[in-house]
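Input: a single structure, listed below in structure tokens.
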Amino acid sequence: PEEPKKPEEPPVPKVAHPYAEGHPLAVGASMAVLSAVSRPGNATGSSTSFYLGGVLGYHVEAVRGLELRANVQGTVAGPKALVLDVGARYALPVVPTARVFVVPDVGLGTFVTLGAAKEARFFTRLAAYASVGLGERVALELGPALGLTPGGSGTVVLFGGALHALARF
């Protein structure tokens with residue numbers, strides 16, 4: 001006599017996870033490598049800097065995907081500078097069941113040179129990150145970043161990449 005087959009369990013449906021999923025506050029660390037692809041003709045020294053900093057974000061639950069952001073970064077290698085900006089981003093789902101998003105990001109603030117010529121300039125940041133959630137509360141983001149600092153002795157255009165590690169609360 002053959003044993004009766006047990007009915008197969010139905011597969012667990014995959015859940016499409018929204019960005020920030022109930023944890024609107026994000027706190028994290030950032031690092032970036034940016035090179036001045038355009039700078040004043042009288043600039044000397046390295047055009048590449050390595051930045052470390054922090055990120056603070058708040059996801060606006062009423063507008064799914066919208067997050068307000070604040071960033072502070074300082075150079076640890078290369079020309080000395082401090083960058084402070086605030087802005088917004090919008091998370092677009094790519095594979096929401098795996099918590100993968102593309103996140104265009106814009107910020108406005110100040111770029112302060114800390115070398116021989118100390119000056120503060122207006123700063124605009126444009127970036128696009130790939131964001132991967134590692135569970136509900138941790139995310140890693142990686143992507144290209146562009147910074148524009150008009151004024152002073154000439155416009156500086158910075159281009160490179162950034163990495164963020166975020167915890168959500």
Side-chain angles (χ1 to χ4, degrees), residues 11-39 47-79 81-112 121-151 155-169:
V12 177
K14 291 188 176 189
V15 176
H17 299 281
Y19 183 74
E21 196 166 17
H23 306 288
L25 182 63
V27 177
S30 68
M31 64 183 205
V33 175
L34 299 174
S35 289
V37 295
S38 175
R39 61 186 185 162
S47 64
T48 301
S49 292
F50 179 68
Y51 295 81
L52 291 178
V55 178
L56 183 64
Y58 184 78
H59 179 255
V60 180
E61 294 284 337
V63 183
R64 178 66 55 198
L66 178 65
E67 186 168 72
L68 304 177
R69 231 356 132 87
N71 299 289
V72 60
Q73 291 185 318
T75 56
V76 294
L82 177 68
V83 179
L84 303 161
D85 71 75
V86 295
R89 59 199 339 226
Y90 192 80
L92 303 166
V94 175
V95 185
T97 56
R99 293 183 170 94
V100 176
F101 300 87
V102 170
V103 189
D105 187 324
V106 63
L108 301 174
T110 188
F111 180 90
V112 182
R121 300 168 160 230
F122 176 75
F123 179 73
T124 302
R125 177 183 42 80
L126 303 170
Y129 299 107
S131 177
V132 178
L134 307 175
E136 286 184 27
R137 296 187 179 260
V138 176
L140 295 178
E141 300 177 344
L142 177 67
L146 176 69
L148 304 170
T149 64
T155 297
V156 176
V157 178
L158 303 167
F159 182 74
L163 172 69
H164 303 151
L166 304 169
R168 291 204 163 272
F169 302 95

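- Here the closest non-hydrogen pair linking P24 and E67 is O-OE2, 4.3 Å.
- Taking CZ of F169 as the reference point, atom OH of Y58 lies at 14.5 Å (rounded to 0.5 Å).
- Counting heavy atoms from C-beta on, the side chains of S49 and L34 never come closer than 4.5 Å.
- Rounding to the nearest 0.5 Å places CZ of F123 at 9.5 Å from OG1 of T110.
- Taking the side chain as every heavy atom from C-beta outward, Y19 and P93 never approach each other to under 4.5 Å.
- The distance from the CG atom of L146 to the CG atom of L126 is 5.5 Å, given to the nearest 0.5 Å.
- At least one donor-acceptor pair closer than 3.5 Å links the side chain of R137 to the backbone N or O of R168.
- Counting heavy atoms from C-beta outward, L134 and L140 have side chains that approach closer than 4.5 Å.
- What you find for G107 and D85 is that their closest heavy atoms are CA-OD1, 3.9 Å.
- Using a 4.5 Å heavy-atom threshold, the side chains of L25 and L56 count as touching.
- A search for side-chain contact (heavy atoms from CB on, under 4.5 Å) contacts involving V100 returns V94, V95, A98, V132, not counting sequence neighbours.
- When each of R89, R64, H23, E21 is tested with H59 by the rule side-chain contact (heavy atoms from CB on, under 4.5 Å), just one qualifies, namely R64.
- At least one donor-acceptor pair closer than 3.5 Å links the side chain of T75 to the backbone N or O of A81.
- Using a 4.5 Å heavy-atom cutoff, the side chains of T48 and V33 are in contact.
- Residue V83 comes nearest to Y51 through the heavy atom pair CG2-CE2, 4.0 Å, listed as atom of the first residue, atom of the second, then distance.
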Please list every donor-acceptor pair under 3.5 Å in which a side-chain atom of residues 156-166 meets a protein atom from a residue at least two apart or in another chain.
residue	atom	partner	partner atom	Å
H164	ND1	E141	OE1	2.9

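- Distance NZ/K14 to OG1/T97: 5.5 Å, rounded to 0.5 Å.
- In this structure, CZ in R121 is found 7.0 Å from OG1 in T155, a value given to the nearest 0.5 Å.
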List the steps, then state whether side chain to side chain contact (heavy atoms under 4.5 Å, CB included) holds for V72 with L82.
-> CA-CA 7 Å; V72 60; L82 177 68; 4.1 Å; yes
Given the rule in the side chain to side chain contact (heavy atoms under 4.5 Å, CB included) test, do T124 and L108 qualify, once you have shown the distances and angles that lead to the verdict?
-> CA-CA 5 Å; T124 302; L108 301 174; 3.7 Å; yes
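- Summarising the geometry of A128 relative to P144, their closest heavy-atom pair is O-CD, 3.1 Å, with the distance given to 0.1 Å.
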